[in-house]
Amino acid sequence: MASDQREELRQLYQREETTAARYIPAKPKIDIYGGGRMFRVCAYCRVSTDNDAQLSSFELQQQHYQQLVGNHPNWDLRHIYADEGISGTSLKKRDDFNAMIAACERGEYDLIVTKSVSRFARNLVDCITLVRKLKRQNPPVGVFFETDNLNTLSEESELMLSFLATFAQEESVKKSESMIWSLQHRFKNGKLLTPELLGYSRPRDAAGNYIKYARLEIVESEAIIVRFIFDAFLAGKSPKEIAALLTDISCPTKTGMEQWSEGSIGYILRNERYCGNVLTWKTFTADMFEHKHKRNNMDRDQYLYTDHHDAIISVETFEAAQVLLANRRHHYYEALPTMQVIDDGVFRGYIPINHHWINDDPNAYFEASKSVPNGGLKRIRKSNFSAFDFEGYQVVRGQFLSTRPECPCITVTNHTITFNTFCMRKFAGIHDVQLLLHPAERKIAIRPCKETDIHNIRWRTDPDKPFTSKTISCPHFGNALYQIMGWNPDYAYRIRGSWAARGRDEIIVFTLVNAMPAAFMETVADDSEEVKRRRVEMCPEEWNESFGDDFYEYALDNSFFFLAPKTDWKADVKSIAPPGIQQFQVKTEEELDSTIALIMQKEGNRENE
């Protein structure tokens, strides 16, 4: 049986050997040096950004490529593409390079000639991807790297190209590291390259070249524009309004253009060089291949050089502008916020609160409140409060009597203050209120005010709608308040207040030391897996020893109740600047108008010269 199978196999092989076969040769490999085929060729190079060097470099490279193509009879040079000295680590902003690739994809060229792999692309992924993409074209498009003598249309080019592209990329990485090291040492040693900007010029030598590391010099005709921009911004004008105003009066920019933009005004307002300082490395390239710039948030070492050159504006003016810029990010669009204090009446020592203001320093509130004298200590007879002697008696805390207070009540978190509906009803006919704080007495109050009063808060936006609680956002004031009270930022605090009226005066006062803390807890219902968050109020530890406050201490804390019936509360006294505390003074509209007139006059004189 085995011998029969072997005989069948032998006969089968004999039949195949006698079968006739026709040889079909493969088409010849692409030969860029001959083969009777003409190649439509384009060349790519990069030239210097300096105008004179650019012209010379381009002419030399143009001659070189014409000579190179002339040495190959089957090459037809159609075009030379050139980008200014742009890094090859990214394809972005390489306009001519991208135009060349697009032309190849349209079938306009058969071969790209360039000096080296590093000139074509220093990014390994980009280089390999582009070469493969061009090679897949029909007909395929090759790249000839002259110094590397590499033709990508050859079958053995892939491995060599990977090596060369890797070396080119690593060369860029090393250059980047070297540049970073150089910048670090230059910044550390005070060798600062400060470009010209509006209001300043760089000194030049006798040949007209910039003096390296020379300090900036003020150009007064431009400095007045810079001062106006800062003054107008601190007076309440937005960068967009300032740009429109300078455009309207045909005031030229640093480059001679008459069209100002909101972005250019913002750049000036944020530039510390105008107050004589230089901050190094404000931004850096986070990704050398994508060339994405990132704001330096302690990612690189920085150096702040103060009094580096003559200042156009004061440090105080610059810092005030930064405060206002930060406030505008939180939707505060008025002039520079200022601290004020009430110096008379029942609210003596209270501070009107700007809940938008970015200021979480509790010391600022204490200093402003203490700037007003408290009128001295006064001896008050106990009989002024009551004909009976209440020594040893306590006023029971309202929290022990009712869980649903029918009284003014606020809930404070470290970023909001919420007034209950009782507060809203008591001030039902009020359009605007002021939020007041006395940091030393640990009290918050609200009083009616006019729409034109400082730091007014719109109370009821729609009087026709039903009464609901009102919440105001105050993350920075809330943080300062928590510091003043020593509260736990993880807790909310509920404070009952007192409403009082005398004549036309209405006020609501909250004593913060009586706050009841509340924690938020997550619970899961028995009949479902839904997680609910509820507030659980807690009894402060210091309340364990008493039911309330000593009667006479309570009476002093709420002294406005016990003032003589005919005593004027003076609850509507306007606030003033804190006496003895220097505050930044913003320019008036008249002063800004005079500066505009001076700018226009100087510009007119310059045109007549």
Side-chain angles (χ1 to χ4, degrees), residues 233-238 320 323-372 410 412 414-419 423-424 427 430-461 470-484 497 505-510 512 570-579 581-586 588:
F233 180 67
L234 293 173
K237 294 188 182 299
S238 68
V323 170
L324 190 51
L325 283 168
N327 276 275
R328 284 181 177 268
R329 288 195 291 270
H330 292 266
H331 311 292
Y332 178 84
Y333 299 107
E334 300 176 17
L336 180 70
T338 56
M339 188 83 77
Q340 294 201 353
V341 64
I342 301 171
D343 65 340
D344 196 12
V346 70
F347 288 129
R348 180 195 295 268
Y350 280 77
I351 302 162
I353 299 301
N354 179 354
H355 65 284
H356 295 294
W357 190 14
I358 300 179
N359 179 18
D360 53 8
D361 180 14
N363 294 325
Y365 296 98
F366 279 106
E367 290 175 4
S369 180
K370 292 178 181 178
S371 68
V372 175
I410 58 173
V412 182
N414 61 356
H415 59 277
T416 61
I417 296 178
T418 301
F419 298 87
C423 296
M424 304 303 295
F427 281 1
I430 304 302
H431 190 270
D432 293 271
V433 300
Q434 276 184 330
L435 176 65
L436 309 175
L437 168 70
H438 198 302
E441 294 185 1
R442 308 294 201 271
K443 291 180 180 178
I444 278 181
I446 53 174
R447 66 174 182 177
C449 71
K450 297 180 180 178
E451 189 176 356
T452 55
D453 287 340
I454 188 171
H455 306 331
N456 65 298
I457 299 173
R458 183 75 176 272
W459 188 242
R460 293 195 67 196
T461 55
K470 181 178 181 63
T471 299
I472 61 173
S473 175
C474 51
H476 296 278
F477 171 66
N479 189 18
L481 184 61
Y482 268 60
Q483 293 181 67
I484 291 171
D505 292 335
E506 286 184 89
I507 61 175
I508 301 178
V509 181
F510 303 90
L512 300 176
K570 298 181 181 178
D572 58 350
V573 171
K574 302 294 183 183
S575 57
I576 62 171
I581 299 179
Q582 186 176 2
Q583 296 204 52
F584 190 88
Q585 299 297 320
V586 300
T588 63

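The figures that follow rest on heavy atoms only: side chains count, while hydrogens, waters and symmetry mates do not. Remember, it's a predicted structure, so these values are computed and weren't measured experimentally.
A donor-acceptor distance shorter than 3.5 angstrom exists from the side chain of Gln434 to the backbone of Ile454, with no hydrogens or angles considered. Using a distance-only test at 3.5 Å, with no hydrogens or angles considered, no donor-acceptor pair links the side chain of Arg458 to the main chain of Asp432. The backbone N or O of Val323 lies less than 3.5 Å from a partner atom in the side chain of Asn327, making a donor-acceptor pair. With Ser369 contributing its side chain and Gly349 its backbone, the two residues share a donor-acceptor pair below 3.5 Å. Here the side chain of Gln483 pairs a donor or acceptor atom with the backbone of Asp360 at under 3.5 angstrom.
In terms of heavy atoms, Ala480 sits closest to Tyr365 at CB-CE1, 3.9 Å. Of all the heavy atoms in Arg447 and Ile507, the pair that sits closest is CB-CG2, 4.5 Å. Counting all heavy atoms, side chain and backbone alike, Asn359 lies closest to Ala364 at ND2-CB, 3.7 Å. Closest approach of Ala235 and Val586 over heavy atoms only: CA-CB, 4.4 Å. When all heavy atoms of Ala445 and Tyr350 are compared, the closest pair comes out as CB-CE2, 4.1 Å. The nearest pair of heavy atoms linking Ile446 to Trp459 is CD1-CH2, 3.8 Å.
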### Task
Could you walk me through whether Val346 and Val509 pass side-chain contact (heavy atoms from CB on, under 4.5 Å), step by step?
CA-CA 11 Å; Val346 70; Val509 181; over 6 Å; no
### Message
Under the criterion side-chain contact (heavy atoms from CB on, under 4.5 Å), I'd like the reasoning laid out for Lys470 against Ile457: C-alpha separation, chi angles, the key distance, then a yes or no.
### Response
CA-CA 11 Å; Lys470 181 178 181 63; Ile457 299 173; 4.2 Å; yes
### Task
Let me see the working for Ile342 and Ser575 under side-chain contact (heavy atoms from CB on, under 4.5 Å), right down to the final yes or no.
CA-CA 4 Å; Ile342 301 171; Ser575 57; 4.0 Å; yes
### Message
Let's go through His431 and Arg460 carefully: what are the C-alpha distance in whole Å and the side-chain angles of both, what is the deciding distance for side-chain hydrogen bond (donor to acceptor under 3.5 Å, both in side chains) to 0.1 Å, and is it a yes or a no?
### Response
CA-CA 6 Å; His431 190 270; Arg460 293 195 67 196; over 6 Å; no
### Task
List the steps and the verdict of side-chain contact (heavy atoms from CB on, under 4.5 Å) for Ile484 and Leu437.
CA-CA 11 Å; Ile484 291 171; Leu437 168 70; 4.1 Å; yes
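Rounding to the nearest 0.5 Å places CZ of Phe419 at 9.0 Å from CE of Met424. Taking OG of Ser371 as the reference point, atom CD1 of Ile576 lies at 7.0 Å (rounded to 0.5 Å). Note: His415 NE2 to Thr471 OG1 = 9.5 Å, rounded to the nearest 0.5 Å. Note that CD of Gln340 is 6.0 Å distant from NE2 of His455, once rounded to the nearest 0.5 Å. The distance from atom CD1 of Ile351 to atom CD1 of Ile444, rounded to the nearest 0.5 Å, is 11.5 Å. The line from CD1 of Ile410 to CZ of Phe510 is 5.0 Å long, rounded to the nearest 0.5 Å.
Salt bridge present: Asp453 and Lys574 bring a charged side-chain N and a carboxylate O closer than 4.0 Å.
Using a 4.5 Å heavy-atom threshold, the side chains of Tyr482 and Val412 count as touching. The shortest distance between side-chain heavy atoms of Pro352 and Leu436 falls below 4.5 Å. With contacts defined as side-chain heavy-atom distances shorter than 4.5 Å, the pair Phe233/Arg328 qualifies.
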